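Just so you know, these numbers come straight off a predicted model, no measurement behind them.
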Amino acid sequence: MSAFRPSATVAAAVAITEPVNEPVKEYRPGSPEAVSLQAEIVRVGNQVRELPHVINGERLPLVDPVAVSAPHDHAHVLGHYSAVDGAVVDAAIEAALAARADWSRTPWWDRAAVLLRAAELVSGKYRDELNATTMLGQSKTFHQAEIDAACETADFLRFNASFAAQIYATQPPSPAGEFNLLDHKGLEGFVLSVTPFNFTAIGANLSTMPALMGNTVVWKPSEKAALSSQVLMTVFEEAGFPPGVINLVHGDGATVTDRALQHEWFAGMAFTGSTAIFRQLWKKTAANIERYRSYPRIVGETGGKNAVVVHPSADVDAVLVALLRGAFEFQGQKCSAASRAYIPRSVWAVLEPRLVEALEQITVGDPTEHETFMGAVIDQAAANRLGAAIDQAKNTPGHTIITGGTVDTEKGWFVQPTVIIAEAPDSFVLQKELFGPLLAVHVYDDATWDDTLKVVDGTSEYALTCSIFATDRTAIGQALDVLRDTAGMTYVNDKPTGALIGRQSFGGGRGSGTNDKAGSPLLLQRFVNARYVKENFNPPHHWTYPYMGQ
């Protein structure tokens with residue numbers, strides 16, 4: 001008991017400064033921040049970096065190196081990583097398990113201090129390098145890299161420390177004669193974090209968030225984000241994470257997950273990726289359930305088919321900007337991107353020519369150039385998949401491509417911003433997640449608003465984000481009611497992307513994931529085990545009760 005009472009007392013006195021969102025720099029041409037970042041882009045671009053596995057603080061030598069290239073210039077090799085194998089995964093797991101005893105007993109405020117230190121490094125010393133590696137390796141523009149790699153990463157680190165303080169401050173009352181303590185522990189075993197290419201910040205969050213709560217982690221980022229992930233790992237080490245707390249492995253996700261999910265000490269998984277892969281992992285977990293020492297905590301944020309639902313009373317200018325930014329920023333490669341829009345005929349008559357004109361003015365090219373609005377999609381497989389969807393639309397009656405519709409892979413994996421009109425509300429382009437700069441539009445009769453809301457809710461298996469555009473308050477209330485289960489994040493008169501930590505927490509249900517809300521205490525709580533401790537200062541000395549007396 002004595003080991004816990006001082007901790008609880010100190011914990012009650014520890015206060016984390018109320019976090020604020022990291023200010024977004026503008027990178028106007030010629031500005032100090034733009035000049036600094038451009039110099040870093042040149043420095044990083046002139047290197048071919050080794051991107052090794054990092055296990056127990058050691059960088060393993062590369063074996064059979066695999067190239068990492070810039071999506072917008074696939075001949076430009078930026079680095080090499082080693083494909084993971086079973087022995088590497090086993091070593092990462094053993095390192096995590098070996099570090100667990102000490103790390104899980106480290107006071108929570110010491111763990112939080114590591115995250116707060118990391119946030120300072122991300123927003124300061126490593127800001128340019130994180131942005132540059134994200135721009136080159138993931139084909140993000142100045143703005144898209146800044147809001148992701150620098151700002152959202154720093155926000156996750158700072159806000160999570162504050163959320164942890166809230167969780168640990170939750171303690172039961174102790175009336176006279178007893179002492180009660182809620183012991184927040186990490187999960188019993190190791191946590192597997194599987195993160196995608198599209199957000200550097202997700203890699204930072206899903207690797208450090210479980211560690212903050214006393215867990216040790218095997219982190220498998222997308223190999224397409226290997227460049228920026230290696231910078232994050234350097235940040236984590238410099239911030240003070242001990243060896244073995246976060247172990248980085250590169251390469252094939254199936255190799256890592258198959259090995260990890262068979263291990264008896266598999267305790268939890270933080271996953272962001274495709275719905276199909278997450279469902280496979282859930283099935284594998286269920287198949288191995290009798291192996292595990294405890295029931296694993298499975299958290300996933302997966303796909304989306306996010307709708308922009310426009311009422312006849314909507315502000316056309318606002319809808320135009322929301323579609324341009326929501327559907328085409330970062331090439332539509334956001335889980336939250338606008339990918340289907342339902343627009344009344346009266347609005348579409350005004351909006352269509354303006355949308356086409358704006359999209360034809362968009363510059364698609366090198367994201368390190370200031371004039372670029374869209375870079376390349378992440379790889380050849382993505383370009384091929386999107387090209388196939390465009391061809392299917394061209395060859396299927398009831399579909400009209402009004403702009404875009406071309407793919408150019410000679411230098412980079414470039415897909416032009418494309419808008420497809422779908423006459424049938426059950427078209428494949430309105431149901432299937434395409435994950436690229438393809439926007440499907442269904443034009444409905446103004447008088448069918450009520451029925452259209454039901455169509456929006458019933459068309460897609462996903463429920464991630466949604467936008468409602470209207471100035472009619474009755475219509476807004478009606479849409480919020482009918483579409484209550486359609487999305488975990490609903491925007492009114494705003495694009496369906498850009499949730500800001502501390503204000504809107506991200507996550508969705510149905511086929512979009514477990515809706516555990518990244519950027520909130522809800523997600524952190526999933527990676528905590530609770531133990532209540534009661535100490536009785538006046539234990540009874542006789543087994544009988546008063547009612548038994550004569």
Side-chain angles (χ1 to χ4, degrees), residues 1-16 96-112 160-192 209-217 245 261 263-270 282 285-300 505 507 509 514-517 520-550:
M1 287 298 301
S2 60
F4 289 93
R5 217 175 290 161
S7 297
T9 302
V10 174
V14 173
I16 301 292
L97 293 174
R100 177 181 176 270
D102 287 343
W103 181 248
S104 66
R105 289 166 173 78
T106 299
W108 71 262
W109 53 90
D110 283 339
R111 301 194 302 260
N160 282 347
S162 178
F163 297 148
Q166 297 173 30
I167 291 171
Y168 288 113
T170 302
Q171 292 293 327
S174 294
E178 67 183 45
F179 174 73
N180 296 311
L181 171 71
L182 175 53
D183 178 20
H184 299 275
K185 308 177 296 175
L187 306 183
E188 190 178 14
F190 70 93
V191 169
L192 174 65
M209 175 273 302
L212 169 65
M213 306 314 292
N215 300 283
T216 51
V217 179
V245 172
L261 267 58
H263 201 285
E264 65 172 320
W265 291 106
F266 171 63
M269 177 170 61
W282 198 292
T285 302
N288 290 318
I289 199 69
E290 294 180 355
R291 294 175 180 262
Y292 304 138
R293 300 284 295 217
S294 56
Y295 295 110
R297 305 281 182 89
I298 307 298
V299 168
S505 299
T514 56
N515 202 16
D516 285 296
K517 299 302 183 189
S520 82
L522 297 174
L523 180 59
L524 276 65
Q525 196 73 59
R526 291 298 306 275
F527 293 92
V528 172
N529 253 338
R531 177 177 69 155
Y532 277 92
V533 179
K534 173 189 175 182
E535 181 175 351
N536 191 342
F537 297 139
N538 299 299
H541 293 93
H542 197 282
W543 63 271
T544 61
Y545 293 95
Y547 80 89
M548 299 171 67
Q550 295 298 320

* Asked: Say you draw a straight line from OG1 of Thr216 to CH2 of Trp103; how long is it, rounded to the nearest 0.5 Å?
  -> 10.0 Å

* **Closest non-hydrogen atom pair, Pro296 against Thr285** => CG-CG2, 4.1 Å

* Rounded to the nearest 0.5 Å, what separation is found between the OG1 atom of Thr514 and the CZ atom of Arg297? -> 12.0 Å

* Asked: Under 3.5 Å, side chain of Asn160 to main-chain N/O of Met209, donor-acceptor pair present?
  -> no

* For the residue pair Leu524 and Gln166, establish whether any side-chain heavy-atom pair is separated by less than 4.5 Å. => no

* To do: Taking salt bridge (Lys or Arg N to Asp or Glu O under 4.0 Å) as the test, write out the residues that go with Arg526, two or more places apart.
  => Asp516

* Trp108 vs Val14, side chain to side chain contact (heavy atoms under 4.5 Å, CB included): CA-CA, chis, key distance, verdict -> CA-CA 10 Å; Trp108 71 262; Val14 173; 3.7 Å; yes

* At what distance, to the nearest 0.5 angstrom, does CG of Leu97 lie from NE2 of His263? -> 5.5 Å

* Please name all residues satisfying side-chain hydrogen bond (donor to acceptor under 3.5 Å, both in side chains) with Glu178, sequence neighbours left out, ordered by chain then number. => Asn180

* Asked: Distance from Phe266 atom CZ to Asn288 atom CG, nearest 0.5 Å?
  -> 9.0 Å

* Write down the atom of Ser294, the atom of Glu188, and the distance for their closest heavy-atom approach. => OG-O, 4.1 Å

* Answer whether the closest heavy-atom distance between the side chains of Val299 and Phe527 falls below 4.5 Å. => yes

* Asked: Shortest non-hydrogen contact from Asn529 to Gly186?
  -> CB-O, 3.8 Å

* Asked: Roughly how far apart are Asn215 CG and Leu192 CG, rounded to 0.5 Å?
  -> 12.0 Å

* Expected output: side-chain Tyr292 to main-chain Leu261 donor-acceptor under 3.5 Å -> yes

* **Nearest-0.5 Å distance, CZ of residue Phe190 to CZ of residue Arg100** => 12.0 Å

* Can you name the residues that form a side-chain hydrogen bond (donor to acceptor under 3.5 Å, both in side chains) with His542, not counting sequence neighbours? -> Thr544

* To do: Of all the heavy-atom pairs spanning Ala161 and Ile16, show the shortest one and how long it is.
  => O-CG1, 3.9 Å

* **Shortest non-hydrogen separation from Leu212 to Arg111 and the atoms involved** => O-NE, 2.7 Å

* Flag side-chain contact, heavy atom, 4.5 Å: Leu523 against Lys517 -> no

* To do: Provide the closest heavy-atom pair for Leu181 versus Gln171 in the form atom of the first, atom of the second, distance.
  => CD1-OE1, 3.4 Å

